Amino acid sequence: MRRVYLDYAATTPTHPDVVKEMVPFLNQEFGNPSSIHTFGREVRKKVEEAREKVAHLIGANPEEIVFTSGGTEADNFALIGIAFANEKKGNHIITSSIEHHAVLEACHFLEKRGFSLTYLPVDKDGLIDPNDVKRAIKNKTILVSLMHANNEIGTIEPIAEIGKIVKEKGIYFHTDAVQTAGILDVNVNDLKVDLLALSAHKFYGPKGVGALYIRKGTRMVPFIHGGHQERRRRAGTENTSGIIGLGKAAEIAQETKEKEAKRLRELRDYMIKEIFNQIENVRLNGHPIQRLPGNINVSIEFVEGESLLLNLDLAGIAASSGSACTSDTLEPSHVLKAIGVPIQVAHGSIRFTLGKWTTKEDIDYTLEKLVETVKKLRSISPYQHDWKSTS
Amino acid sequence: MRRVYLDYAATTPTHPDVVKEMVPFLNQEFGNPSSIHTFGREVRKKVEEAREKVAHLIGANPEEIVFTSGGTEADNFALIGIAFANEKKGNHIITSSIEHHAVLEACHFLEKRGFSLTYLPVDKDGLIDPNDVKRAIKNKTILVSLMHANNEIGTIEPIAEIGKIVKEKGIYFHTDAVQTAGILDVNVNDLKVDLLALSAHKFYGPKGVGALYIRKGTRMVPFIHGGHQERRRRAGTENTSGIIGLGKAAEIAQETKEKEAKRLRELRDYMIKEIFNQIENVRLNGHPIQRLPGNINVSIEFVEGESLLLNLDLAGIAASSGSACTSDTLEPSHVLKAIGVPIQVAHGSIRFTLGKWTTKEDIDYTLEKLVETVKKLRSISPYQHDWKSTS
Amino acid sequence: MYSEKVMDHFNNPRNVGVMENPDGVGTVGNPVCGDVMKLYIKVKDERIVDAKFQTFGCGAAIATSSMVTEIVKGKTIKEALKISNKTVAEALDGLPPVKMHCSVLAEEALKAAINDYFSQKGKSKKEKVSKQD
Amino acid sequence: MYSEKVMDHFNNPRNVGVMENPDGVGTVGNPVCGDVMKLYIKVKDERIVDAKFQTFGCGAAIATSSMVTEIVKGKTIKEALKISNKTVAEALDGLPPVKMHCSVLAEEALKAAINDYFSQKGKSKKEKVSKQD
Ligand SMILES: Cc1ncc(COP(=O)(O)O)c(C=O)c1O
Ligand SMILES: Cc1ncc(COP(=O)(O)O)c(C=O)c1O
């Protein structure tokens, strides 16, 4: 059976060249980079090279990069590290209602520990209004944390514009760039951020490794406490093969991302157009233009999302109903809710995310199966005649 | 040049069979285990199999195992997770003065956040006295955290005996078993612990992955907040290849650890005996019998540790002056201080840790080079005649 | 996630569609919750001789609908009233915990259809069937 | 960690050993701190014609000791007094930040030896050399 993976926003296969770089660091060059002997020093050198590559990818200095166990830890580190280090200055933090759970749950944790949070709304396309940020800033505000692009609906936020506002006020600014680093042009100075989270497995690196950019001079406490690794900012023996894989993935992304983004945008727009051509009562979620190159998120009315996914899966096609980590719950996505999708329509939402190995043939095959499945599910539904479209 | 690795306590090479298990999960079976499609479900199954293997290794139920990014995160999770969840009950925590920094620094973090810590002393062999634990327990004590075996001097602590005391008082008991899991027989019920930290890279698994055992019913908050992974106890996309590697390492350890420990104890005792035979003014640090199978820690008087290490490194031999993560500082080890080694003697301490690929020939070669180096360094020293031995 | 049986009934649902002139029809659920089941029965001599369904919902919702129609066919009304959500779930070799509510929905749809049958027969006052949990 | 030069001087230290009848000897450091340097000089016509050392300490301590004896040989006392810890560190192609104190120790050992030379010559009161940082 043909297998088509259209869930690149959930995770990507590790690039074969990245795998090739990683494997020797498991068994051959296996030293602990903190060791002063040759076994350790050889690996230390490679870890520092990886740091340079990651720094280069986002326009940072290598000393400003701290490796983490992924995007979630990086987001937690940013929020909790800033909060605990600056609580004497204030206890107010601004974020948005469409952040990834890695940010939202860290915020909930901080709320329980005495911090006050503002969750900004978004418009119907998922955009945050920079003026809302300006208005939300108080005397006690110590941090603004807003995602660079949303993982579910693909909307790209006006981070640079917001960064200007936040910087003027002398407040720390964090962006969750897990969906954009390695995919789009991401530069910490253009974006005017003090902190930026990224994750290797979203751009053809391994799962379980990421990084937090921390602008020089930023006042924060470590999140994981222990040994002196990462200049005492993140303790724990380094995931050396993972870090070296992240470095390689950053290097590859640097070279290929522009061309690849262009290719994906074309495929994406083709697929969206065909979905609208071939299926009735569909709506596109997320901004039509300010959108991740590989993201398609549509609500297909009169169809329930899970059965859609399962039917596609039976046809070898992998898609998602939103973020992978929420698919074990029954609640409809907080992001779709935030952009005002009616709940019964949200139930019929599906996300296709395209990537490096996606071909036009994959898209055509998916379209064929999607149309078939929607037809089948609508025919089973008691509502195919009764329901009114809400779009 | 011959290369001899005697720093297995710092990290181990990943077993070739473990590497073989891991690699397919980077590029082929690359799904996100949270995804409901086939790509995700295939990997989910393997992650759960790994969980069973780790549970089996320590006599736990699979649901009681939470995967982490290593031993440090597991220790932080145990301490901070229990502290924040039980602070209404009390704010007092008991630990020892010879814990790994992963525990000590988490304790210092908690002290800054209003918790009160007791650091128990140890005797000259590094043993914690169970009666000291009993005496230190107060009304407000919510957690006791003591390591199973010390990473520097190899002393194995009477955890089961202490567990009995702590359990009687209805207090949570955590043990840092990073140096014993996969090496010795470790059983959470025999040890009577509620929490236990382990790390893959200490027993031939990959770096950057570990686990925390959390006894069913234990009241704790997550440490990393976000998605619903790990039954909502540890957020973040799973390090799938790492977890699967940890599972395989656990499986191999289960089968081989007993025989291997016996082999290492013999090599260890041979090496200790020969060091004492061939070098004057040496002292053994740590307990002579209650000791990790592969650990040798000696103080060689009139010799400074770093030059010793560097000279051995030039001869291809990797050893350590203590824990890898402290070797970038100039302070002598807190563990040697705690067992009462005079500072000038502590400077001449060296740790050899033996493992799976250590042979008698490696030991003999090391002995030869060690004797040579000590002779050379003592001949350079201004004190070879003047100093009095302190042993 | 799902058993093979669930996937089989999901992928090849039995007894799908509208029934002409049913003796009882039950509709339960709500599109806002993501699941709606409509169950039709045909009754002859107090025995359910045919059943059909239409469902909007997740994989488990479709599979339990399909399974309940299979189970109920040939049963007397009395026997059918004894079918619980567990019967349906077990017949599917189990359901994930988060999906057990779908089997409850299937039970409710069946009860609703039988109630409707009683109403149509004018028996509703005497033998009203109460919803079980 | 260390430059090749440091490793060279560490592994093959120059001018190691005790000097018979030195004109000046300086001992600095403390075994508790992990570094002790003993520096011997032989002086002829206000020129250092030979230097030797004995050191207990880390790699950088041994290398800086070795290097300072090399640098100092052939220099006049005046020139030798101008040798700073930076001179020594630079001659070794640099030292890691945590090891810079070793080069300070080397400078101090040299100054101490020269002071001792002055003392022996009875010049100590007039030209006492102060320790630099
Ligand atoms: C926007 C965003 N933030 C954070 C994360 C978490 O990153 P990780 O999966 O590496 O923990 C993800 C992906 O899961 C994401 O899409
Ligand atoms: C006793 C002990 N605890 C904790 C750790 C930390 O584990 P990891 O290196 O996986 O972060 C180590 C090793 O570094 C250790 O030896």
Side-chain angles (χ1 to χ4, degrees), chain A residues 1 281 299-322 324-333 336-337 340-350 369 372-391, chain C residues 1-19 22 25-40 51-67 69 92 95-106 109 112-113:
Chain A
M1 189 181 60
N281 296 327
S299 294
I300 303 179
E301 294 193 66
F302 317 139
V303 159
E304 194 277 337
E306 190 200 274
S307 13
L308 196 55
L309 287 181
L310 284 177
N311 270 304
L312 292 176
D313 188 43
L314 288 168
I317 299 160
S320 158
S321 60
C325 59
T326 53
S327 53
D328 68 333
T329 64
L330 303 170
E331 301 144 35
S333 138
L336 296 181
K337 231 193 264 180
V341 179
I343 296 183
Q344 68 269 35
V345 179
H347 282 299
S349 299
I350 187 161
K369 294 295 168 185
E372 248 177 66
T373 301
V374 169
K375 209 167 169 182
K376 174 182 165 185
L377 288 175
R378 283 182 175 171
S379 82
I380 296 181
S381 165
Y383 287 102
Q384 75 272 39
H385 307 298
D386 316 7
W387 280 13
K388 290 242 145 45
S389 167
T390 51
S391 56
Chain C
M1 190 172 67
Y2 287 133
S3 70
E4 272 177 43
K5 265 239 177 94
V6 172
M7 287 310 292
D8 175 31
H9 276 263
F10 165 70
N11 200 25
N12 306 297
R14 315 335 183 225
N15 314 310
V16 173
V18 183
M19 186 184 281
V25 182
T27 305
V28 295
N30 187 322
V32 170
C33 305
D35 294 299
V36 182
M37 277 184 205
K38 190 167 183 176
L39 201 97
Y40 306 83
K52 274 187 176 287
F53 81 92
Q54 290 179 294
T55 290
F56 161 83
C58 66
I62 292 172
T64 51
S65 309
S66 167
M67 182 50 90
T69 55
L92 287 165
L95 284 172
V98 283
K99 296 295 186 177
M100 278 308 284
H101 74 278
C102 293
S103 64
V104 174
L105 219 58

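Protein chains get the first letters and strands the later ones, always in sequence-line order, with residue 1 at the start of each. A quick note: this is a predicted structure, and the numbers were derived from the prediction, not measured.
Proximity to chain A is limited to the side chain of C/Thr27, based on heavy atoms less than 4.5 angstrom apart. At a 4.5 Å heavy-atom cutoff, the contact between C/Val16 and chain A is made by side-chain atoms alone. Interface residue A/Leu314: only side-chain heavy atoms are found under 4.5 Å from chain C. In this structure, chain A has no heavy atom under 4.5 Å from any part of C/Pro96. With a threshold of 4.5 angstrom between heavy atoms, C/Ala61 does not approach chain A through any atom at all. With a 4.5 angstrom heavy-atom cutoff, C/Met37 does not touch chain A via any of its atoms.
Here A/Ser299 pairs with A/Asn285, A/Ser349 under the side-chain hydrogen bond (donor to acceptor under 3.5 Å, both in side chains) rule; sequence neighbours left out.
A distance of 7.5 Å separates CG in C/Asp35 from NE2 in A/His347, rounded to the nearest 0.5 Å.
Between the A/Glu304 side chain and the C/Phe56 main chain, no donor and acceptor come within less than 3.5 Å of each other.
The salt bridge (Lys or Arg N to Asp or Glu O under 4.0 Å) pairs that include a residue from residues 1-13 of chain C are C/Asp8-C/Arg14, where partners are two or more places apart or lie in different chains.
Minimum interatomic distance between A/Ser381 and C/Gln54 (heavy atoms only, all atoms of both residues): O-NE2, 3.5 Å. Residues C/Cys58 and A/Ser307 approach most closely at CA-OG, 3.8 Å, considering heavy atoms.
Atom NZ of A/Lys376 has more than 12 heavy atoms from other residues, nucleotides or ligands within 6.0 Å.
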